Each structure stands twice: as C-alpha cells, then as structure tokens.
J.: 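Pasting in a structure now, in structure tokens, and then I'll have a few things to ask.
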Number of protein chains: 2
Amino acid sequence: MTPEPYTADRQSPVRRPASIKDVAAAAGVSPTTVSHVLSGNRPVSEETAARVRGVVNRLGYVPASLARSLQAGSTSVIGLLIPDISNTFFAELAKGAEDAAHDLGYGLILCNTEFDADREDRYLGMIRSRFIDGMVYASGSPPSRRRLEALMGKFPIALADEEVEGLEGALIATADHEAGGRLVGEHLRALGHRRALMLTGPRALMSGTARANGFVRAFQGEVVERVGDFKEASGYRLVAKLLEKGGLDCTAVFAANDLMAFGALTALREAGLSVPEDISVVGFDDIRAASLAHPPLTTVHQPAYDVGRTATAQLLQYVSRGEVPPASRHTLPVELKVRGSTAPADR
Amino acid sequence: MTPEPYTADRQSPVRRPASIKDVAAAAGVSPTTVSHVLSGNRPVSEETAARVRGVVNRLGYVPASLARSLQAGSTSVIGLLIPDISNTFFAELAKGAEDAAHDLGYGLILCNTEFDADREDRYLGMIRSRFIDGMVYASGSPPSRRRLEALMGKFPIALADEEVEGLEGALIATADHEAGGRLVGEHLRALGHRRALMLTGPRALMSGTARANGFVRAFQGEVVERVGDFKEASGYRLVAKLLEKGGLDCTAVFAANDLMAFGALTALREAGLSVPEDISVVGFDDIRAASLAHPPLTTVHQPAYDVGRTATAQLLQYVSRGEVPPASRHTLPVELKVRGSTAPADR
DNA sequence: TTGTAGGCGTTATCAC
DNA sequence: GTGATAACGCCTACAA
C-alpha cells in the first residue's frame with residue numbers, strides 16, 4: 001500500500017473509502033466538527049454544517065462502523081444461534097427475534113449451525129471476540145453444553161425455547177413443553193390408545209425431557225422410547241427399523257417435532273400402513289407444512305415468534321445497559337391442534 | 001469509567017475484557033510478542049511462548065475482532081440478503097452460501113428483509129459502513145433497484161437467483177428460469193390445456209419475466225396473468241378474487257413459486273374445486289412442502305443450494321483479493337417434477 | 001529473539 | 001462554535 005490514498009483508480013482494486021479526515025480536509029474543518037455535524041452531539045453553525053454535508057455527499061462518506069464500535073465498546077448487533085434454518089419453526093422464531101432487535105435499534109445476525117459443533121463454535125467465537133454484543137441461543141446440540149456454561153456469566157446470552165441440562169442461572173424463554181407433552185398424552189389416552197412409540201430428540205435437551213415427562217404422566221399407558229435428532233431422516237429411520245424388526249406394536253406415535261413426524265409418516269406409508277386408520281401420529285411445533293401434509297398433522301402449536309421475541313427483548317434489556325442478564329424464566333403457552341393424523345384406537 | 005481496569009467485580013457490570021496489553025504485562029513481555037505468539041507470524045522462543053499462552057488461558061484472553069478488522073481493513077464476514085426466511089427455498093440457498101463462505105474462512109451473516117425496504121436498507125448499510133466485506137443479494141424487493149445500482153461497482157455484491165431489471169455488469173448466479181417456464185408450458189400443453197392462469201411475482205424481477213417468457217412461448221395457448229408478491233396469501237387472494245367474479249375460466253394455474261401455489265390450492269379447495277380433476281396447478285422452486293402437500297405439487301425444481309453456493313464462491317473469489325467482481329453469469333439447470341397436482345384437461 | 005512506535009477511523013475530553 | 005489530543009485494541013514495519 002502506497003501512502004497516497006487516491007492514486008489507484010484503475011478497475012478492480014477497491015479504492016480506499018473516504019474517512020472522516022478526508023471529509024474534514026475537503027471541508028476545511030477538523031474531524032471533530034465533521035463528527036458532530038453527523039451525530040448532532042453538539043451545535044455546529046449552519047454554514048459549516050451545510051458545507052460539511054456537501055462534502056460528505058460528494059465523497060460518499062459513510063462512517064466506518066468498526067472504528068465507531070471499537071471506540072464505543074459495543075457493536076449494537078446481536079446473534080441468534082439456530083440449529084436448522086430450513087425448519088420453519090426456527091424461521092418464525094427468528095422473525096420474532098429480529099423484530100425485537102430492530103425495535104431497540106439492534107441488528108440481528110442469524111447463525112445457522114446445522115447441528116454442527118464446529119460451526120456452533122465459530123459462531124460463539126463472535127461473542128467471545130466481541131464482534132457481537134450478545135447471543136440468543138436457540139440451538140441444542142448437546143456437546144455444546146460445557147462451552148455454553150463457560151460463556152454464560154461472562155457474556156450476555158439468553159436461551160430461547162431450549163434449556164440445557166444443568167445450566168442454571170440463565171435467562172430463558174421457552175414454550176411450555178411439559179404442558180405440550182401432557183396435552184398429547186391426554187389426547188391419545190382419550191382416543192383409547194394404550195401403547196405408544198415416543199420419538200425423542202437428543203437426551204441432553206430439557207425441552208425434550210419436559211415433553212416426555214408431561215406425556216408419560218398423562219398418557220398412563222405403555223411408552224416405547226427411541227432417541228432421534230430432530231431431523232426428518234431420523235424419524236424415518238427409527239420407525240423403519242422397528243417396522244423391519246416385526247412391527248411397531250403400538251397404536252400411536254408421538255414425535256419430538258413435526259419434521260420427525262413427517263419422517264415417521266413416510267416410513268409408515270411405505271410399509272403399507274395408513275394414518276390414522278392403522279396408527280395415529282402426533283408431532284410438535286406446528287410448522288406450516290403440518291397443516292398442509294396428508295393427512296394434516298395433529299401437533300402441538302408452539303408460539304415460535306413470541307419465544308424468539310421474548311428471549312431477545314429480555315436479553316437486550318440487559319445488553320443495552322452493559323450488564324450480564326440474571327436468571328429468569330418466561331414460559332409461554334402451547335396449544336394442541338387436533339387434525340387428521342389421530343383417530344380412535346379401535347381396530 | 002475509572003482508569004483501573006480490574007476493580008469492578010460486583011455482579012452485573014461486565015468486567016472489561018483482557019486486552020493484549022494486559023496479557024503482555026502479566027507475562028512480562030511486549031504486546032508485540034503476545035501478538036506473534038498467537039499469530040505465529042514470527043518465531044518466538046518456546047519458553048516465552050509457553051509463558052504467554054499460560055497467561056492467555058488464565059485471563060481468558062480473546063483478541064478483539066473489531067480492532068483486528070479495523071487494522072486489517074476487512075472483517076472476513078459477508079452477508080446474505082434474503083426476503084423470506086420461512087420460505088425453505090431460501091433456507092436451502094442459505095446453506096449453500098454458508099458452506100461456500102466457511103470453506104474460504106469467511107463468516108456469513110443472514111439478513112432477512114421480509115420484503116421490507118427499510119429493513120433491506122439497514123442491512124445494505126452494513127456493507128456501506130464496511131461491517132461486512134461483501135453481500136450476496138438474493139432478495140427481490142423491486143424498490144431496491146436504485147439503491148442496489150449505486151452500491152454495485154463500489155462494493156462487492158453478487159446476485160443470487162435473481163436479476164434486477166436494468167442492472168448489468170453484475171456477478172450473477174441463477175437457475176435457468178426461462179427453461180423452467182418452458183418445461184411447465186410444454187407439460188401443460190401436452191396434457192391438453194389451452195387456457196392457463198399465470199400468477200407472477202413483482203414485475204421488476206427478471207426471474208419472473210424469464211419464467212413467463214419461457215412459459216408463454218412453449219404453452220402456445222391463452223394466458224391470463226395476475227401479479228402477486230411471492231407470498232402464500234397473495235396466491236390465495238388472486239385466485240379467490242377471480243373465483244368470486246365468476247370463475248377462473250382456465251384449466252390450469254401456473255404460480256410464480258410454490259408458496260403462491262399453496263395459496264391457490266387453498267382457494268380452489270374452498271371453492272369446492274378438486275385438483276387435479278377440475279384444474280391443474282403447478283408451482284416453482286420445489287420446496288420441501290411441495291412433495292408433502294396434498295395433492296403433491298407438480299413444480300420446477302431449482303438447485304437452491306447450488307445457486308447459493310455458486311454465487312457466494314464467485315463473490316469471495318474477488319472479495320478475498322480486495323477486488324470488485326466483474327460481470328459474469330452462471331446459469332444452473334432446473335428440472336420439472338411431475339406430481340399429483342397436474343392431469344389431462346379432459347372433462 | 002524481542003521491543004518501540006505509528007497508524008487503522010472514530011468519538012470523548014479538554015481547551016480555546 | 002471549533003480544534004487538538006488521547007484512547008479504543010490490534011498489527012506490523014523498523015530497530016535493537
């Protein structure tokens with residue numbers, strides 16, 4: 001780099017953008033004044049201000065946010081960590097988070113991990129290196145727990161829709177998973193089901209445990225459990241494997257989320273079983289495709305948008321004051337959506 | 001703020017994070033040495049290095065990315081602008097972009113605009129203020145064109161899956177929209193349809209124009225056109241309104257994307273029409289819900305992941321050299337997925 | 001093998 | 001109403 005700023009003007013090499021000094025020099029004032037014209041932080045004579053604004057426009061000057069943030073000690077940007085961007089449940093959650101952030105003048109960065117620990121690490125690095133001021137954590141890859149633990153307390157983090165086992169003292173906003181499980185249990189029991197297959201998510205997640213507890217308690221029947229990973233493929237695989245080994249021996253399936261329920265649906269269909277005549281299927285989340293599917297999926301509606309919005313608003317309340325958030329919990333109500341995938345167990 | 005860094009140790013106020021100076025002082029070396037121990041940019045005696053690393057761990061030192069970026073002149077982060085995060089088409093595109101970015105050591109920020117011009121502006125501001133090194137633009141809100149035009153050429157921007165009318169000299173990666181339209185036209189014609197309703201996206205988008213051109217040319221029948229906005233609700237509204245006014249007078253509907261096709265499906269069902277018996281429906285994109293829906297939707301499969309990946313890889317090729325990308329175009333193949341929502345037009 | 005000094009672009013403090 | 005100066009935290013010539 002030569003010390004002459006405005007020399008290189010060929011094609012490709014990006015010209016060095018104008019800095020506040022360039023503007024000041026061109027306007028015949030000090031950088032201080034330029035800064036104040038732009039921020040309005042102190043009075044500037046109208047004449048000077050007009051001249052400065054002219055130069056700003058002519059040079060296309062835009063303050064470097066990096067320098068500004070470095071000096072301010074914060075970036076006014078937070079992150080939202082989610083495991084699977086193509087699950088529309090998280091998309092809705094993200095919308096809530098985005099709206100809450102924008103309301104308070106913060107930017108929101110969406111961080112998608114694909115359930116990948118390395119990727120999660122990379123994104124968490126953004127908060128450790130203070131590229132972002134805080135993080136809403138809506139992911140749930142189990143191996144991340146220890147890392148999370150080390151981070152919380154040092155950096156502003158809020159948990160959305162998910163709790164991590166053993167992690168306490170956190171700021172948490174979740175749906176009422178236990179109630180959701182209970183609603184499903186009661187529904188299936190009322191339909192006469194007495195033996196159900198439960199497809200869960202990874203063990204370390206409290207949301208899953210809470211759902212399972214609520215379900216088992218209310219169902220009061222036999223429950224076969226299989227552990228999956230929230231992906232459609234795992235719902236398919238678990239059911240297909242049981243089918244191979246001589247049948248499900250159940251009249252109902254309760255999947256940890258709608259995606260896994262879709263996988264189960266496909267496996268059942270391929271095995272020649274009809275839903276809900278031969279077997280009932282229930283999901284969790286109530287994503288858009290649930291009502292579109294055939295048959296329309298009975299599922300538990302989670303207020304995804306509100307969960308995202310609440311977690312983010314809570315977090316920002318502390319971030320904006322430069323404080324680490326205290327423990328606090330917000331539990332949002334859920335609702336059972338009875339659709340076409342469940343029916344009485346009399347055959 | 002008192003000048004003593006390590007005093008405040010109460011509860012909430014976040015303690016000032018350790019800086020390179022703190023580490024240097026604690027290890028009895030200069031900041032330069034700490035920097036080099038961490039970067040490996042010049043040899044450091046093993047003894048010193050070990051001591052420094054010890055202090056780094058003890059203090060939990062993480063270099064401030066802002067300061068690093070300010071000095072380096074780039075952040076190694078790029079953005080991806082999309083209009084609708086809950087459309088899984090964009091989710092897939094984002095995955096491709098994310099993979100390409102990570103492969104080259106770049107971070108990717110997902111920017112969701114909800115088709116909102118203000119929000120798009122905010123996010124484009126990140127590139128003007130150099131918070132990010134470049135942007136993959138996969139949005140398509142028409143009013144943004146003038147802004148985009150001003151930005152391209154000054155900042156590294158690539159267009160993914162979308163071209164904006166009149167915007168030339170850009171780096172572009174899209175699916176073959178025209179071929180997609182043609183495939184649909186041929187398919188419907190072969191089924192005996194002669195009069196079709198075409199639900200388009202906003203006019204300013206070239207992708208829609210290309211699809212329409214391909215369709216009209218291959219269909220060789222009468223085409224009624226209605227302009228929508230890519231949202232499910234608009235597909236519903238347009239069809240419902242025509243139905244109210246005395247029927248569609250068409251045997252087939254070609255929607256600009258799957259979401260609008262779903263909306264059309266709902267409106268038709270509510271009017272007591274069956275698909276495909278009474279009327280055929282075709283979408284575009286082939287999102288996950290398309291094959292799940294009832295009936296499964298005939299649609300054009302776009303290689304969303306590859307579009308995102310290609311656009312991003314192309315962009316980064318120039319960003320990493322500090323160059324503004326030249327004009328170039330990559331057109332990716334599409335594929336017609338014939339499913340249950342289309343049938344012969346003989347009734 | 002290590003240290004000193006300057007600069008990245010801003011804003012806050014202090015002085016006039 | 002306006003300016004000089006320092007500081008945010010880092011990297012990297014240049015020097016020893």
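Every chain is numbered from 1, with letters handed out A, B, ... down the list of sequences. Here the structure is a predicted model, which means the values were calculated and not measured.
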J.: Take A:Tyr123 and A:Phe131, measure what ring pair (Phe, Tyr, Trp, His ring centres under 6.0 Å) needs, and give me the verdict at the end.
T.: CA-CA 10 Å; A:Tyr123 284 125; A:Phe131 190 76; over 10 Å; no
J.: Distance check: side-chain N/O of A:Thr32 vs OP1/OP2 of D:dG3, anything under 4.0 Å?
T.: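 Indeed not, no polar side-chain atom of A:Thr32 lies that close.
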J.: What is the distance, to the nearest angstrom, from the CG atom on B:Leu66 to the P atom on D:dC10?
T.: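 Rounding to the nearest Å, CG of B:Leu66 and P of D:dC10 are 10 Å apart.
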J.: So, are A:Glu114 and A:Arg119 salt-bridged, with charged N and O less than 4.0 Å apart?
T.: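 No, this pair does not count.
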J.: To the nearest angstrom, how far is B:Leu38 atom CG from D:dC11 atom C1'?
T.: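 Going from B:Leu38 (CG) to D:dC11 (C1'), I get 12 Å.
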J.: Among the candidates D:dT2, C:dG3, C:dT11, find the nucleotide nearest to the side-chain atoms of A:Ile20.
T.: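 Closest nucleotide among those given: C:dT11.
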J.: Indicate, with a heavy-atom threshold strictly under 4.0 Å, whether A:His36 touches base, sugar-phosphate, or nothing.
T.: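 Contact class for A:His36: none.
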J.: Does A:Glu98 come within less than 4.0 Å of A:Lys95, counting only side-chain N to carboxylate O?
T.: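 Between A:Lys95 and A:Glu98 there is no salt bridge, as every charged N stays at least 4.0 Å from the carboxylate O atoms.
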J.: Starting from P on D:dC10, measure out to NZ on B:Lys21 and report it in whole angstrom.
T.: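 So the two atoms are 9 Å apart, to the nearest Å.
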J.: Look at the side chain of A:Ser30 and decide which nucleotide, out of D:dG3, C:dG3, C:dT11, has an atom nearest to it.
T.: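 When the side chain of A:Ser30 is considered, D:dG3 is the closest of D:dG3, C:dG3, C:dT11.
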J.: Hey, is the side chain of A:Asn41 poking within less than 4.0 Å of OP1 or OP2 on C:dT11, counting only N and O atoms?
T.: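 Negative; the distance criterion is not met.
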J.: Atom CD of A:Gln71 and atom P of C:dC8: how far apart are they, to the nearest Å?
T.: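 So the CD-P distance, A:Gln71 to C:dC8, works out to 17 Å.
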J.: Within 45 degrees of the axis of the six-membered ring of A:Tyr318 and under 6.0 Å from its centre: does A:Arg321 put its NZ or CZ there?
T.: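 Yes, A:Arg321 and A:Tyr318 form such a contact.
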J.: Which of the following nucleotides, D:dT2, C:dT10, D:dG3, is nearest to the side chain of A:Val44?
T.: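 Closest nucleotide among those given: D:dT2.
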J.: Which is true for B:Ser35 with a 4.0 Å heavy-atom rule: it touches a base, it touches only sugar-phosphate, or it touches nothing?
T.: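 Base: the residue B:Ser35, judged by heavy atoms under 4.0 Å, touches a nucleobase.
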J.: Specify the residue among A:Arg51 and B:Val62 whose closest nucleotide of DNA chain D lies further upstream toward the 5′ end.
T.: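 Result: A:Arg51.
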J.: Looking across every strand, which nucleic acid part, if any, lies under 4.0 Å from B:Thr48 by heavy atom: base, sugar-phosphate, or nothing?
T.: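 Sugar-phosphate, no base atom in range.
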J.: Between A:Asp103 and A:Arg309, does any NZ, NE, NH1 or NH2 come within less than 4.0 Å of an OD or OE carboxylate oxygen?
T.: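 Counted as a salt bridge, because a side-chain N and a carboxylate O are separated by less than 4.0 Å.
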J.: To the nearest Å, how far apart are A:Leu70 CG and D:dC8 C1'?
T.: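 Nearest whole value for this atom pair: 4 Å.
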J.: Nearest whole angstrom, please: distance from the C1' of D:dT2 to the CD of A:Glu46.
T.: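 Going from A:Glu46 (CD) to D:dT2 (C1'), I get 16 Å.
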J.: Quick one: B:Arg128 CZ to C:dG9 P, roughly how many Å, whole number?
T.: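 The distance from CZ of B:Arg128 to P of C:dG9 comes to 18 Å, rounded to the nearest Å.
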J.: Please tell me if A:Ser45 has a side-chain N or O lying less than 4.0 Å from either OP1 or OP2 of D:dT2.
T.: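 Result: yes.
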J.: So, does the side chain of B:Arg42 form a donor-acceptor pair with the base of C:dT2 at under 3.5 Å?
T.: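 Indeed, a donor on one side and an acceptor on the other fall under 3.5 Å apart.
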